[in-house]
Structures are given as structure tokens and as C-alpha cells.
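Computed over heavy atoms, backbone and side chain alike; hydrogens, waters and symmetry mates excluded.
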Amino acid sequence: FENQIDRHKALSHYNPYRVVNNVGVHSIPLRIDSLAMVESQPSIMVAYLEDCQINGEKRDIRFDTGAGVNVVSTQEANDMGLKKLDASMVAGGTRDVAGVPMAIADSMRLGDVTIYDVPFLVLDMRTGHDALDVQLQRTDIAIGYEVMNALRNVKLDFENSCLVVSDSSLVPAFEESNMMIANGNQ
């Protein structure tokens with residue numbers, strides 16, 4: 001619980017995930033790439049949001065619907081001027097990594113929607129396998145559940161290659177959601 005207390009103390013100086021410009025419906029360009037992780041395995045599909053900025057720096061951002069937190073590499077955190085926080089967390093995934101430092105972006109713009117005070121874990125995902133590490137560098141910034149929850153209503157529109165964000169429900173009563181978040185609920 002000590003890490004959680006430190007996290008809450010560090011974030012108490014901010015107003016995390018404050019969303020502005022989210023009135024109406026917004027489309028954020030989405031690109032789907034394949035990521036060949038290991039030659040003997042099939043590639044995986046990765047979604048990138050385009051037309052994005054973090055602290056005014058243009059970036060394509062990996063949109064990871066399975067990520068519980070936002071992640072940024074040390075290099076990207078430094079290049080974009082993220083503020084280091086006096087807190088760390090355990091990063092879970094294929095293996096748990098303890099003591100992962102946290103940082104915060106002053107702003108993140110996704111299309112014309114802006115989110116202020118966006119926390120990230122600063123984590124360098126490296127394996128020591130050169131070909132795999134080159135592929136992993138393409139995913140140095142990822143946003144996940146916390147951003148989706150802040151946006152409240154999101155829908156992946158594969159037909160039009162975009163992420164649709166709205167201030168009201170995007171799922172009519174007769175249509176099923178293609179994601180697990182509508183009106184801020186899982």
C-alpha cells in the first residue's frame with residue numbers, strides 16, 4: 001500500500017485527467033500497424049492515435065485497450081518534458097516490475113480534445129534481443145484504461161480509421177458496444 005499512498009500524495013498536487021474541448025463528437029485518426037515481435041510468431045496488431053501531442057510535442061500514441069495505466073519510455077519522457085513525480089508503482093503485465101517511476105504530462109492533445117495532468121509510468125521495455133527491441137521502440141508511448149475512462153465515451157471506428165470520442169453515449173440502445181467503456185463505465 002505504500003506505493004499507492006505515495007502515488008496519491010504525488011498526484012494530490014494536480015487535477016489528473018481534466019478533459020477540455022470534449023463537447024460534441026470528435027474523431028481522432030487511428031492507424032493500425034502490425035508488430036512482428038518474434039520471427040517464429042505471428043505479428044500482433046497495434047493501434048496508434050495520430051494527430052496527437054504531449055506537452056506540445058507531436059507524437060503518434062499507441063492506444064492499448066488492455067493497458068491499465070499509461071506508459072512512456074525514459075527517452076520520450078525526457079524529450080517531451082514530463083515532470084518526474086516522487087512516486088513509483090508496480091507495473092504488471094507479462095512480469096511484474098517493482099519501483100517503476102511516475103511522471104506527469106502537463107497536457108495531452110488527442111485530435112482536438114485536450115487532457116491536462118496525465119500521469120505515466122516511466123518504463124523502458126527492453127529484452128536484450130536486438131530485433132525485438134527495435135520493434136518495442138515503436139511503442140514507447142501508450143495510453144490505456146485511465147485515459148479511456150476520463151474520455152467517458154469512446155468507440156473504435158475501424159471502418160473510418162478513427163477513435164470517436166463524445167460527451168454523450170455513442171451506443172444507441174439497439175447497437176452493441178465494440179469496447180467495454182460507455183458513459184465512463186466498464
Side-chain angles (χ1 to χ4, degrees), residues 1-20 22 28 30 33 35 37 44-50 52-55 57 59-111 113-127 132-133 135-156 163 165 179-186:
F1 291 111
E2 188 173 312
N3 283 348
Q4 290 178 352
I5 292 169
D6 289 344
R7 179 179 188 228
H8 288 288
K9 280 182 186 177
L11 291 175
S12 70
H13 303 289
Y14 300 92
N15 184 8
Y17 299 107
R18 186 169 37 95
V19 179
V20 297
N22 192 25
I28 302 161
L30 179 72
D33 282 349
L35 195 60
M37 299 300 278
I44 60 172
M45 302 310 287
V46 181
Y48 292 94
L49 297 175
E50 300 176 318
C52 300
Q53 293 182 12
I54 296 177
N55 287 349
E57 299 289 329
R59 296 291 191 274
D60 289 349
I61 299 173
R62 183 166 51 100
F63 184 69
D64 188 343
T65 59
V69 295
N70 309 312
V71 178
V72 63
S73 70
T74 302
Q75 183 67 48
E76 287 287 3
N78 291 336
D79 289 350
M80 296 182 300
L82 271 64
K83 297 174 190 164
K84 295 177 183 174
L85 298 176
D86 189 21
S88 65
M89 287 182 60
V90 174
T94 55
R95 60 183 170 81
D96 287 347
V97 179
V100 177
M102 294 182 65
I104 196 159
D106 292 329
S107 66
M108 178 170 63
R109 188 181 58 74
L110 308 174
V113 175
T114 303
I115 307 170
Y116 290 98
D117 297 337
V118 182
F120 284 86
L121 292 184
V122 181
L123 181 63
D124 295 310
M125 295 184 283
R126 301 294 179 258
T127 66
L132 181 56
D133 287 346
Q135 294 293 319
L136 283 173
Q137 287 176 358
R138 294 176 52 200
T139 64
D140 277 352
I141 307 169
I143 58 174
Y145 169 77
E146 290 181 340
V147 170
M148 288 183 278
N149 190 51
L151 294 172
R152 302 200 41 82
N153 295 291
V154 295
K155 182 176 181 178
L156 287 167
L163 177 73
V165 177
M179 289 183 42
M180 296 302 291
I181 297 180
N183 292 320
N185 297 311
Q186 292 188 27

What's the shortest heavy-atom distance between [X] and [Y], and which atoms?
X      : Y      : value
Leu30  : Ala47  : CD1-CB, 3.7 Å
Phe120 : Ala105 : CE1-CB, 4.0 Å
Val72  : Ala77  : CG2-N, 3.7 Å

For [X], which residues count as a salt bridge (charged side-chain N to carboxylate O under 4.0 Å, His left out) partner, sequence neighbours excluded?
X      : result
Asp79  : none
Asp106 : Lys83
Asp117 : none

Within the 4.5 Å heavy-atom criterion, are [X] and [Y] side-chain neighbours or not?
X      : Y      : answer
Pro101 : Leu85  : no
Val147 : Leu110 : yes
Asp86  : Met102 : no

To the nearest 0.5 angstrom, please state how far the [atom1] atom of [X] sits from the [atom2] atom of [Y].
X      : Y      : atom1 : atom2 : result
Ile115 : Ser107 : CD1   : OG    : 10.0 Å
Leu123 : Asn70  : CG    : CG    : 12.5 Å
Glu50  : Ile61  : CD    : CD1   : 11.0 Å

- Pro16: side chain to side chain contact (heavy atoms under 4.5 Å, CB included) partners, not counting sequence neighbours: Leu11, Tyr14, Pro119

- Residues two or more places apart in sequence or in another chain: which of them pass side chain to side chain contact (heavy atoms under 4.5 Å, CB included) with Thr74? Asn78, Val122, Asp124

- Task: Could you tell me whether the side chain of Arg7 and the main chain of Lys9 form a donor-acceptor pair under 3.5 Å?
- Result: no

- Qualifying salt bridge (Lys or Arg N to Asp or Glu O under 4.0 Å) pairs with a residue from residues 63-78, counting only residues at least two apart or across chains: Arg59-Glu76, Arg62-Asp64

